[in-house]
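Below is one structure, written out as structure tokens; the observations come after it.
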Amino acid sequence: MEIESNFIKTIMEEDLASGKVEEIVTRFPPEPNAYLHIGHARAIITNFELAKQFGGRTNLRFDDTNPVKEDSSFVEAIKEDIQWLGYEPANIFFGSDYFEITYDYAIKLIKKNLAYVCDLSQEEMRDYRGTLTEPGKDSPYRNRTVEENLQLFEEMKAGKFGDGEKTLRAKIDMSHPNMNMRDPVLYRIIHIYHHNTGDKWCIYPMYDFAHPLQDAIEGVTHSLCSLEYDDHRILYDWVVEKCETPHVPHQYEFGRLNITNTIMSKRYLKQLVDKNLVRGYDDPRMPTLTGLRRRGYTKDAIKDFVLGTGLSRINSTVSSEMLENSVRNDLNYKVKRVNAVLEPLKVVITNYPEDQVEWLDAPYNKDNEAMGNRKVAFGRNLFIEREDFVEEKPNKKWKRLALGIEVRLMYAYFITCNEVKYDDFGNIVELQCTYDPKTKSGSGFDERKPNGTIHFVEATTSKRATFNLFEPLMIDSDSKRDLEDRLNPNSWSELEGFVEKAIEDTHPLERFQFIRKGYFSTDYDSSSEGLVFNRICELKSSFK
RNA sequence: UGGGCUAUGGCCAAGCGGUUAAGGCAUCGGACUCUGAAUCCGAGACCGAGAGUUCGAAUCUCUCUAGCCCUGCCA
């Protein structure tokens, strides 16, 4: 899998060809305050794959410059997700590793008379900033002398002031049409414990100041980020230029990747977890990487999906069917295809001996013989899928069982339904069928065609199993309505059924195709006492 | 006239002055089938609109329209 062609790859090729850069260095800079989701996968894959394709390298950098919001507990989870995707960062850094040097650069700006300490309160600063259509006005503190600024900044660092009392601001242009250039704050005062630097600092650099410097220090050549930072690029370049950093990184923006029926924002995901609307960040319904993993999605499927959606300067919303298509393609030839009956209906083969079970040969995957064979049990008592039977064949397209109709049980025999048994409420509880020994699978029997092929399981040898079926967590995706009103009440349903004996020793994250029912993955909670499978996605179907 | 960005089939997305305008997903036909799966064939756009430059434009220019982002001491 390779990145085919996109505007960033083109830029890199040109930069390499022109000698603007000698190698490609990228970085993935998550803020350690949330779990990674499928949207982040685009950034991760793009950064790592592009660098890899050009023989470059990619750093993982935790952007922890705001101790109020961040928490080291996310650090390990993020590392794990990246590793799961198959990437190994050239280096793992923290934004906080650069606090000292970032501070030095701030001093440099002050000395160049390009930064000043400002006493304006947050509200005052907002007033002074102007609006989108009106220019702002200079802060009354804008003309402090270099010496005074140096002194005050030193005192800020020393802890002489309280939170918010003073800021260090860049001296740019209060009437700039781009709001980011109206003397942006470079440093603010926050007296709080930092997960990495403890109480050493009480002044912390803002993203717009720290990020370009971090990139420059690491020698990042192409700093990729999402579209909303487009407006910040001018500031990014200003910082790099005025600080005269040894390396000159450049920022390029691309659109975010959204998926239909999927909510990606940190805020929503957190709410879902905090309000117990899901069973945690690794709930199989969550779009988090940890959730997708538990659901059974493979890293190759995710890469295929991300690469398949391409990259552009548009915030795209891709159909979730595309993601499903990627897993199906990935698993089709790779996993065992076995029988599972999710909603069992009892079938008695009346002309088959009591207390007899025979074991028939069946391939694990007829399109991949290397996967070998297993034995499928057949006997007098079977289960088939409830939905595979109707009393009267509705139309010629019905390719399943019905009264008086003969179907093939996959890898076994043809059976014909002769009688239906009901309970007191009129529900179908059992089918009385007969089988034809001449039609044994593999015998080459071709005297007549069955009315389709269905799957089944032998009652006495199969294993009980729980099947978790999922639907999108959210319906009504565009609405601004309250989160809880948008939840899909049917996002998780559990069925109790059976799987054939061959897979009784399955282990978590082993994937299967349950014939005609979809791709499933063994859940973490599965055990020999209670098998549990998560449906990753259904099989495609042209059944209408 | 605040600034920035975007506009190629239903959804993504190649294309960078001369192509029959790639490809994937979805959709619709048809073949095949011991999974209504897979596989295999086949089907759809004149490139937001208008004007211009040019022998020739999705690709260049202009105007217009629509959408997204920006007034955190968040990232």
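Every chain is numbered from 1, with letters handed out A, B, ... down the list of sequences.
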**OP:** Name all stems that contain residues of RNA chain B, defined as runs of 3 or more consecutive Watson-Crick or G-U wobble pairs, both distances under 3.5 Å.
**Re:** B:2-7 with B:65-70, B:10-12 with B:23-25, B:27-31 with B:39-43, B:48-52 with B:60-64
Original post:
What about the rings of A/Tyr297 and A/Phe305, do their centers lie closer together than 6.0 Å?
Top reply: no
Original post:
With a non-hydrogen cut-off below 4.0 angstrom, is A/Gln513 in contact with a base, only sugar-phosphate, or nothing?
Top reply: base
**OP:** Can you tell me which residue pairs pass the salt bridge (Lys or Arg N to Asp or Glu O under 4.0 Å) test with a partner in residues 445-458 of chain A, sequence neighbours excluded?
**Re:** A/Glu406-A/Arg448, A/Asp436-A/Arg448
Subject >> Residues forming a salt bridge (charged side-chain N to carboxylate O under 4.0 Å, His left out) with A/Arg42, sequence neighbours excluded >> reply: none
Original post:
Who pairs with A/Lys266 by salt bridge (charged side-chain N to carboxylate O under 4.0 Å, His left out), at least two apart in sequence or on another chain?
Top reply: A/Glu31
Subject >> A/Asn365 CG - B/A37 P separation (whole Å) >> reply: 16 Å
Subject >> Whole-Å gap separating P (B/A37) and CZ (A/Arg400) >> reply: 11 Å
Original post:
Among all residues two or more places apart in sequence or in another chain, which pass the salt bridge (charged side-chain N to carboxylate O under 4.0 Å, His left out) test with A/Asp183?
Top reply: A/Arg142
Subject >> Interatomic distance at C1', B/G50 relative to B/G36, whole Å >> reply: 50 Å
**OP:** Look at all strands and tell whether A/Asp231 reaches a base, only sugar-phosphate, or nothing, counting heavy atoms closer than 4.0 Å.
**Re:** base
**OP:** If the glycosidic angle is within 90 degrees of 0 it's syn, otherwise anti, so just tell me which one B/G72 is.
**Re:** syn
**OP:** With A/His211 as reference, evaluate A/Arg27, A/Gln251, A/His232 under the side-chain hydrogen bond (donor to acceptor under 3.5 Å, both in side chains) test and give the passing residue.
**Re:** A/Arg27
Contacts under 3.5 Å, N or O only, protein and nucleotides 71-75 of chain B:
unit_1, atom_1, unit_2, atom_2, d
B/U71, O2', A/Arg129, NE, 3.2
B/G72, OP2, A/Arg129, NH2, 2.9
B/C73, OP1, A/Arg129, NH2, 3.4
B/C73, OP2, A/Arg129, NH1, 3.1
B/C73, N3, A/Gly164, O, 3.1
B/C73, N4, A/Leu120, O, 2.7
B/C73, N4, A/Gln122, N, 3.3
B/C73, N4, A/Gly164, O, 2.9
B/C74, OP2, A/Arg188, NE, 3.1
B/C74, OP2, A/Arg188, NH2, 3.0
B/C74, O3', A/Asn66, ND2, 3.4
B/C74, O3', A/Arg188, NH2, 3.1
B/C74, O2', A/Asn66, ND2, 3.4
B/C74, O2', A/Lys69, NZ, 2.7
B/A75, OP1, A/Thr65, OG1, 3.3
B/A75, OP1, A/Arg188, NH1, 3.3
B/A75, OP1, A/Arg188, NH2, 2.7
B/A75, OP2, A/Tyr207, N, 3.0
B/A75, O3', A/Asp63, OD2, 3.0
B/A75, N6, A/His232, NE2, 3.2
B/A75, N3, A/Tyr229, OH, 2.5

Subject >> Nearest-Å distance once atom P is located in both B/U63 and B/G23 >> reply: 36 Å
Subject >> Gap between atoms CG and C1', on A/Leu323 and B/G24 respectively (whole Å) >> reply: 13 Å
Subject >> Salt bridge present between A/Arg400 and A/Glu385 (N-O < 4.0 angstrom) >> reply: no
Subject >> For A/Glu49, salt bridge (charged side-chain N to carboxylate O under 4.0 Å, His left out) partners two or more places apart >> reply: A/Lys52, A/Lys303
Original post:
Taking atom C1' of B/C34 as reference, at what distance in whole Å does atom CZ of A/Phe456 sit?
Top reply: 12 Å
Original post:
Expressed in angstrom and rounded to an integer, what is the separation of A/Asp230 atom CG from B/C68 atom P?
Top reply: 16 Å
**OP:** For B/A14 versus B/G24, give the span between their P atoms, rounded off to a whole number of Å.
**Re:** 15 Å
Original post:
Among B/A37, B/C25, B/U35, which nucleotide sits nearest the side chain of A/Ser542?
Top reply: B/A37
Original post:
When you look at A/Arg313 and A/Asp230, which way does the salt bridge (Lys or Arg N to Asp or Glu O under 4.0 Å) test go after all the steps?
Top reply: CA-CA 10 Å; A/Arg313 287 180 60 88; A/Asp230 194 331; 2.5 Å; yes
Original post:
Which whole number of Å gives the distance between the P atom of B/C16 and that of B/C60?
Top reply: 11 Å
Original post:
Under the 6.0 Å and 45° cation-pi test, does A/Lys157 pair with A/Tyr103?
Top reply: yes
Give every pair of a protein N or O atom and an N or O atom of nucleotides 11-18 of chain B that lie under 3.5 Å apart, one pair per line with the distance.
unit_1, atom_1, unit_2, atom_2, d
B/C11, O3', A/Thr317, O, 3.4
B/C11, O2', A/Thr317, O, 2.8
B/C12, O2', A/Thr309, O, 2.6
B/A13, OP1, A/Ser312, OG, 2.4
B/A14, OP1, A/Leu311, O, 2.8
B/A14, O3', A/Ser5, OG, 3.2
B/G15, OP1, A/Ser5, OG, 2.7

Original post:
Can a cation-pi geometry be assigned to A/Lys137 and A/Tyr128, taking NZ or CZ under 6.0 Å from the six-membered ring centre and within 45° of the ring axis?
Top reply: yes
Subject >> Same-atom distance (P) from B/A49 to B/U59, integer angstrom >> reply: 10 Å
Subject >> Partners meeting side chain to side chain contact (heavy atoms under 4.5 Å, CB included) with A/His37 (sequence neighbours left out) >> reply: A/His40, A/Met264, A/Leu269
Subject >> Gap between atoms CZ and P, on A/Arg511 and B/A37 respectively (whole Å) >> reply: 24 Å
Original post:
Given atom CZ of A/Arg256 and atom P of B/U6, what is their separation to the nearest angstrom?
Top reply: 17 Å
**OP:** Grab the CD-C1' distance between A/Glu2 and B/G23 for me, whole Å please.
**Re:** 16 Å
Original post:
Taking the nucleotide of RNA chain B with the closest heavy atom to each, which residue, A/Glu4 or A/Arg233, is nearer the 5' end?
Top reply: A/Arg233
Original post:
Between A/Arg144 and A/Asp119, is the closest basic N to carboxylate O distance under 4.0 Å?
Top reply: yes
Original post:
Can you list the residues that meet the side chain to side chain contact (heavy atoms under 4.5 Å, CB included) rule with A/Ile314, with sequence neighbours excluded?
Top reply: A/Ser312
**OP:** Output all residues satisfying side chain to side chain contact (heavy atoms under 4.5 Å, CB included) with A/Met206, sequence neighbours left out; order by chain, then residue number.
**Re:** A/Val185, A/Arg188
**OP:** Using the C1' atom as the reference point in each nucleotide, state the distance between B/A38 and B/G18 in Å, no decimals.
**Re:** 42 Å
For nucleotides 38-47 of chain B, tabulate all protein N/O to nucleotide N/O atom pairs closer than 3.5 Å, reporting atom names and distance.
unit_1, atom_1, unit_2, atom_2, d
B/A38, OP1, A/Lys540, NZ, 3.3
B/A38, O2', A/Asn332, ND2, 3.1
B/A38, O2', A/Tyr333, OH, 3.0

Subject >> B/U8 and B/U71, which share atom name C1', separated by this distance in whole Å >> reply: 35 Å
Original post:
Mind checking the C1' distance from B/C32 to B/G42? Whole angstroms is fine.
Top reply: 15 Å
